[in-house]
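Working notes for the structure below.
Protein chains get the first letters and strands the later ones, always in sequence-line order, with residue 1 at the start of each. Bear in mind that the values here come from a model prediction, so they are computed numbers and not experimental data. Computation of the quantities below employed the complete heavy-atom set of this structure, encompassing side-chain atoms and omitting hydrogens, waters and symmetry-equivalent molecules.
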Protein chains: 2
Amino acid sequence: MSSRAGAAKGRGTRRYPTRDEVARLAGTSTAVVSYVVNDGPRPVSAATKERVLEAIEALGYRPNALARSLRARRTQAIGLIVPDLANPFFGELGRWVEDRGFDGGNALLVGNSMGSEEREQRYVELFLQYRVAGLILVPIGDGRASAQRLRESAVPVVVLDRPVPGLAVPAVLPDNVAGAAAATRHLLEHGYSEVACLAGPDGLASSEERVEGWSRALDEALVPMSGRLLLRTAFGRAAGYRGALELLDRADRPRAVFVASDEQAFGVLRAAAHRGIRVPEDLAVIGFDGLEQAAFTVPGLTTMRQDVRAAGELAVRTLTDRSPQPAARTVRLPVRLCLRGSCGCPDKLEEGGAW
Amino acid sequence: MSSRAGAAKGRGTRRYPTRDEVARLAGTSTAVVSYVVNDGPRPVSAATKERVLEAIEALGYRPNALARSLRARRTQAIGLIVPDLANPFFGELGRWVEDRGFDGGNALLVGNSMGSEEREQRYVELFLQYRVAGLILVPIGDGRASAQRLRESAVPVVVLDRPVPGLAVPAVLPDNVAGAAAATRHLLEHGYSEVACLAGPDGLASSEERVEGWSRALDEALVPMSGRLLLRTAFGRAAGYRGALELLDRADRPRAVFVASDEQAFGVLRAAAHRGIRVPEDLAVIGFDGLEQAAFTVPGLTTMRQDVRAAGELAVRTLTDRSPQPAARTVRLPVRLCLRGSCGCPDKLEEGGAW
DNA sequence: CTGAAAGCGCTAACAG
DNA sequence: CTGTTAGCGCTTTCAG
């Protein structure tokens, strides 16, 4: 058995040693312990420091971050609220936010709003009580509900992925319009005379922007638009699957489709297979987001890749920069066409085996 | 402009109102404010309560969770450490952990170890400093490194997905051996005379257990084993892709393969397509994990589905239950065969459109 | 170079 | 029913 302070028997049984105990054991004052732990602000003689370090080690002392934050009047925690962590897009986003935060010594609190505004509110509230140093929000719905509560608060906030009309807060967004237009244009260049759009839900700004890009590309190419080419569904594989069936079961089914998210596109691929419709020969598909999984579908999914990493990192940086805050700024990150087989281009796995 | 206490001009500029200000405005003592906020432990007259509530509202008062926790000597936060949030398996796990924690009013701190033991350690350390009420760990490698540090601490810990030999701590694990054996047996029942195994990395307990199950099923069926049937790769799509190419490029390539994770299996499906090998006609495939995405590959991926939700919820419950802790217990959750097209069974999307 | 002590915001005795 | 007050563990002036 270890020589350390009494081994834990039950659970959560043992108390954490405090600064007082360390001081006592080292035969110094608590202030000195603090100077050692923080390497400042006052100097400590080498000998004393040594004794303190030994006491810390012997006791297994771990500074209490809560007390520290209380005293400092600021935490090192940042909050992230997303619609669903199990959605690979938010998973990837979360990874980069976490990674960047970790570099800066931040802890990351995450909340899933699960598509519920009420739940989103509750998380905003909870994180505010935890006095997070910053809050990154991928808002649900039109985000108006959270806007008010946030505007009244003192935390720096960044919204990600979706603009929130009423909120004058920095935003990091993909260039949805340009991306959707590029995807549509690419399909047109493959020679299709019309391109359908399997869009995201109504009323969600990022969804509307992608529809806008699609429609703009059609206009530019002087392709006549028609309502029957546009179908809105929820984001997500299952919704994409059902939407695709609806499109594909029509007598005049489309030959090419721009899908507003990769997740929906996975559903489209599955639906086409289910109906015996070959991709890309009978149906050309382009998705949006650039998920890692898109490189592994059969055929590979051509998609508009967002730089999720840049988005996550930029969000954290915006929160973290202690520089005088410029007026709330919206940054549009470029998306780029990532060619694979589903649109009719050659279907090669990325060289170098990037993933 | 709102009538509330001075609007924030810069960022993080405004201070949070404190309990003292609320008390002053309501003309009561701070204790009463506390009684109102916590609805106890002492009763408060309706009139006073009313005044306090108004003051709270007027000031936009939000109790400081840090101070509260410091005082209470315990937090409501739970820590989750996973290898990679962007991996859909851990994403799904995270979702359920979060969901269950949320019900209990817990905040969730998450850390990505990114496959690095050092990083895992640092997160354990960080979360301990935050005095999390409990820690859920999906350990990297053999997990031995974290074991010691955890054993010395006072936090309740649960390990998930992978056993840690040296750690006497509750564990929630899938029944890897039985699952792998069932998958292998199913492939054998399809009439294949031998079944290859594309396994996970060496030295990871959960990976070894799946190999064990595969080999056991082969033994039982009196199928001669051979080293050439077993290939280990890292978990992940890219590794699965490369491993599959290696298997498929052999002159005596296997006709049926049990793959140790769905992620790897996605790579296998892609590799087969790349080589013009049809699934399931030329190659039957079964994965492991039961990711949601597995229902959307082409063909649908037959897989051993884990009940990730049950695992996540059970982990939280184990941490949260304030009942006297029974001896560290290991729970094995059953996995069940989920039939789709990749093994040669009929390929239907789940009825009811579960997803 | 080191120590004493005030106080971060909150809760819960204890005393009215 | 309500008020006073002693800390929770830490940092940091201010004196030595």
Side-chain angles (χ1 to χ4, degrees), chain A residues 12 14-53 55-56 59-77 126 128-133 154, chain B residues 12 14-53 55-56 59-77 126 128-133 154:
Chain A
R14 199 168 14 161
R15 263 190 43 264
Y16 287 90
T18 74
R19 166 217 60 174
D20 280 7
E21 303 174 41
V22 174
R24 201 171 314 132
L25 182 59
T28 78
S29 75
T30 60
V32 172
V33 177
S34 189
Y35 301 152
V36 171
V37 169
N38 302 322
D39 201 19
R42 303 257 63 95
V44 175
S45 75
T48 311
K49 184 178 210 159
E50 178 65 18
R51 288 211 320 285
V52 171
L53 257 12
I56 287 178
L59 257 25
Y61 169 74
R62 239 179 289 270
N64 182 325
L66 269 42
R68 248 192 226 251
S69 295
L70 182 60
R71 177 65 231 247
R73 318 183 100 266
R74 49 181 296 219
T75 66
Q76 294 260 80
L126 186 66
L128 254 23
Q129 296 190 178
Y130 271 85
R131 301 295 191 260
V132 292
Chain B
R14 199 170 13 165
R15 264 190 42 265
Y16 287 90
T18 74
R19 167 217 58 175
D20 279 7
E21 302 175 40
V22 174
R24 201 171 315 133
L25 182 59
T28 78
S29 75
T30 58
V32 171
V33 177
S34 188
Y35 300 152
V36 171
V37 169
N38 302 323
D39 201 20
R42 304 257 62 98
V44 175
S45 76
T48 311
K49 183 179 212 160
E50 178 64 18
R51 289 208 322 283
V52 170
L53 257 12
I56 287 178
L59 257 23
Y61 169 73
R62 239 180 289 268
N64 183 327
L66 269 43
R68 250 193 224 250
S69 296
L70 182 60
R71 178 64 229 250
R73 319 182 100 268
R74 50 182 296 223
T75 66
Q76 294 260 81
L126 187 66
L128 254 23
Q129 295 190 179
Y130 271 86
R131 300 295 191 261
V132 292

Could you pull out all residues at least two apart from A/Ser29 that satisfy side chain to side chain donor-acceptor pair (under 3.5 Å)? none
Does the side chain of A/Val52 come within less than 4.5 Å of A/Tyr35's, by heavy atoms? no
If we only count heavy atoms from C-beta on, is the A/Arg24 to A/Val33 side-chain gap below 4.5 Å? no
Can you see if the side chain of B/Arg15 gets near the phosphate of C/dC8 - specifically, an N or O under 4.0 Å from OP1 or OP2? no
Quick one: are B/Thr28 and B/Lys49 in side-chain contact, heavy atoms under 4.5 Å? no
For atom CD1 of A/Ile56 and atom P of D/dG9, their distance in whole Å: 16 Å
Shorter than 3.5 Å, N or O on both sides, protein versus nucleotides 1-4 of chain D: list them out with atom names.
residue : atom : partner : partner atom : Å
D/dT2   : OP1  : B/Ser45 : OG           : 3.0
D/dT2   : OP1  : B/Thr48 : OG1          : 2.4
D/dT2   : OP2  : B/Ser45 : N            : 2.9
D/dG3   : OP2  : B/Ser29 : N            : 2.8
D/dG3   : OP2  : B/Ser29 : OG           : 3.4
D/dG3   : O6   : B/Tyr35 : OH           : 3.0

I'd like to know if the side chain of B/Thr75 reaches the main chain of B/Arg131, judged simply by a donor and an acceptor atom lying under 3.5 Å from each other, with no hydrogens or angles considered. yes
So B/Ile56 and B/Val37, do their side chains get closer than 4.5 Å, heavy atoms only? yes
Quickly work out the B/Asn64 CG to D/dC8 C1' distance and round it to whole Å. 13 Å
Length of the CZ-P vector between A/Arg73 and C/dC10, whole Å: 11 Å
Near DNA chain D, which residues from residues 17-26 of chain B have a heavy atom under 4.0 Å away? none
Do A/Arg19 and A/Val22 have side chains that approach each other closer than 4.5 Å (heavy atoms only, starting at C-beta)? no
Whole angstrom value for the distance that separates P of C/dC10 from OH of B/Tyr16: 12 Å
Compare the minimum distances between each of C/dC8, D/dT12, D/dC8 and the side chain of A/Leu70, then state the nucleotide with the smallest one. C/dC8
Counting only N and O atoms by type, is there a donor-acceptor contact under 3.5 Å from the side chain of A/Arg62 to the main-chain atoms of B/Gln129? no
Just N and O in the side chain of B/Tyr61: are any of them under 4.0 Å from OP1 or OP2 of C/dC10? yes
I need the CZ-P distance between A/Arg51 and C/dT2, as an integer number of Å. 8 Å
Between A/Arg68 and A/Gln76, does a side chain to side chain contact (heavy atoms under 4.5 Å, CB included) hold up when you go through it step by step? CA-CA 10 Å; A/Arg68 248 192 226 251; A/Gln76 294 260 80; over 6 Å; no
